[in-house]
Amino acid sequence: MSWQNAPPYYQDPNQQYYGGQPGYPPQSGYPPQPGFNPGYPPPSGYPQPGYAQPGYPPAGGGYPPQPGFANPMPPGQGAPYGYVPPQNPGGGYGATEDPEDPEVKGFGFTDESIRKGFIRKVYSILMAQLCVSLGFIALFLYHKPTANWVRGHPEMWWIALILLFVTLIAMACCTNVRRKAPMNFIFLGLFTLAQSFMLGVMASNFRSEEVLLAVGITAAVCLGLTLFAFQTRWDFTVMGGVLFVAVIILMIFGIIAIFIPGKTMTLIYASLGALIFSVYLIYDTQLMMGGKHKYSISPEEYIFAALNLYLDIVNIFMYILAIIGASRD
């Protein structure tokens, strides 16, 4: 059957039958499409996939389904045309999981090298802070003119206390302060100097052998707790709420202890404080480690992680020193 015998609608000298049905000219390379008029496409170009052309698709249809998009449905039979985020059955930051906190839970700790580099950076900053604090303590212990001068100028202690709280609140509440260099190092340095000054003033009220004993015990306790945090399979990162409540109770107990002075009250308060901050040291260490633990700190929060560990160690030292001082009266 030739094109001369075709119905009038298909009588076109530039068109042939393809496979027994009218279709495009052979040079186009396109098989006939349902709903398309013969002689299509126009000279401007071929129809593009995914776009509606004259006569296509049939009535009631729409765009063909695209990966990641909802299939087109007639009105009243499904969701409107729109984007559907791809599902992530394996977990992670996707449609199947909502981020709980921008500072915890899943921030690139799947790569072992990133985690190790982050831990090295945190402990390098922590060791620098501890060295500065030990230097201030040694200065106030063994250089009596400095200790006497500070005792004669109590306003220095209040200045250090105000600077301590201002820098601590700024780093804890402002993300840009603790993440952007060099601002984060400036605030951390000011905080460390203020805290070290106050530690030196406090240590000058004790005998040198008591302070050295407290330093040794603190170092041994912190080393043992750090190794335990690295090796244990117990996940302490889920205890954040419990530890926060314990600190609130400790603060209330400390206020009550002010009005009930005595050696026994001091020993109880200092022992509870050392215990709570020892658990806090394990908690903060596992937050820094990430990996197999439920929660973890972002690798960008190395200043925040070092600050947490430093505060834990300082509080353990102060409570141990208070226990030694109270036991020796």
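Hydrogens, waters and symmetry mates play no part in the numbers below; they use all other heavy atoms, side chains included.
Residues forming a side-chain contact (heavy atoms from CB on, under 4.5 Å) with Ala229 (at least two apart in sequence, or on another chain): Ile282, Thr285, Gln286.
Just one of Asp312, Thr192, Leu168 meets the side chain to side chain contact (heavy atoms under 4.5 Å, CB included) condition when paired with Leu307; it is Leu168.
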Kindly indicate, with the supporting measurements, whether the criterion side-chain contact (heavy atoms from CB on, under 4.5 Å) is fulfilled by Leu193 and Phe136. CA-CA 9 Å; Leu193 290 175; Phe136 269 85; 4.0 Å; yes

Using the rule given for side-chain contact (heavy atoms from CB on, under 4.5 Å), can you reason through Met288 versus Phe118, listing the C-alpha separation, both sets of side-chain angles and the distance that settles it, and then say yes or no? CA-CA 8 Å; Met288 176 194 63; Phe118 171 71; 3.4 Å; yes

Under the side-chain contact (heavy atoms from CB on, under 4.5 Å) criterion, do Asn205 and Phe140 qualify, and how do the steps go? CA-CA 10 Å; Asn205 296 316; Phe140 280 81; over 6 Å; no

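In terms of hydrophobic clustering, with Ile, Leu, Val, Met, Phe, Trp and Tyr side chains grouped at heavy-atom distances under 4.5 Å, Ile248 and Tyr280 are assigned to a common cluster. With hydrophobic clusters built from ILVMFWY side chains whose heavy atoms lie under 4.5 angstrom apart, Val166 does not share a cluster with Ile186. Linking ILVMFWY residues whenever their side-chain heavy atoms come closer than 4.5 Å, directly or via other members, places Phe277 and Ile268 in the same cluster. When hydrophobic clusters are built by joining Ile, Leu, Val, Met, Phe, Trp and Tyr residues whose side-chain heavy atoms come closer than 4.5 Å, directly or via intermediates, Phe244 is grouped together with Phe253. Trp234 and Leu225 end up in the same hydrophobic cluster when Ile, Leu, Val, Met, Phe, Trp and Tyr side chains are linked at under 4.5 Å.
Using a 4.5 Å cut-off on side-chain heavy atoms (C-beta onward), Leu188 and Thr167 make no contact. Contact of the Ile125 side chain with the Tyr302 side chain is registered, since non-hydrogen atoms from C-beta on lie closer than 4.5 Å. Proximity of Val279 to Met239: side-chain heavy atoms (C-beta onward) are separated by under 4.5 Å at one or more points. With a 4.5 Å cut-off on side-chain heavy atoms, Ile323 and Tyr269 do not count as touching. At least one side-chain heavy atom of Gln195 sits less than 4.5 Å from a side-chain heavy atom of Tyr310. At a threshold of 4.5 Å between non-hydrogen side-chain atoms, the residues Phe191 and Leu311 count as touching. Side chains of Met251 and Ile255 form no contact here, defined as non-hydrogen atoms less than 4.5 Å apart. The closest side-chain heavy-atom distance from Thr226 to Leu223 is not below 4.5 Å.
Note that CG of Leu281 is 5.0 Å distant from CD1 of Ile316, once rounded to the nearest 0.5 Å.
Shown here is Glu209, whose CD atom has more than 12 heavy atoms of other residues, nucleotides or ligands within 6.0 Å. The number of heavy-atom neighbours closer than 6.0 Å to CE of Met202, taken from other residues, nucleotides and ligands shown, is above 12.
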Could you tabulate the donor-acceptor pairs under 3.5 Å formed by side-chain atoms of residues 150-164, not counting sequence neighbours?
{"unit_1": "Arg151", "atom_1": "NH1", "unit_2": "Asn148", "atom_2": "OD1", "d": "3.4"}
{"unit_1": "Arg151", "atom_1": "NH2", "unit_2": "Ser204", "atom_2": "O", "d": "3.0"}
{"unit_1": "His153", "atom_1": "ND1", "unit_2": "Trp149", "atom_2": "O", "d": "2.8"}

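Between Phe230 and Tyr123, the ring planes are tilted. Angles from 30° to 60° get that label.
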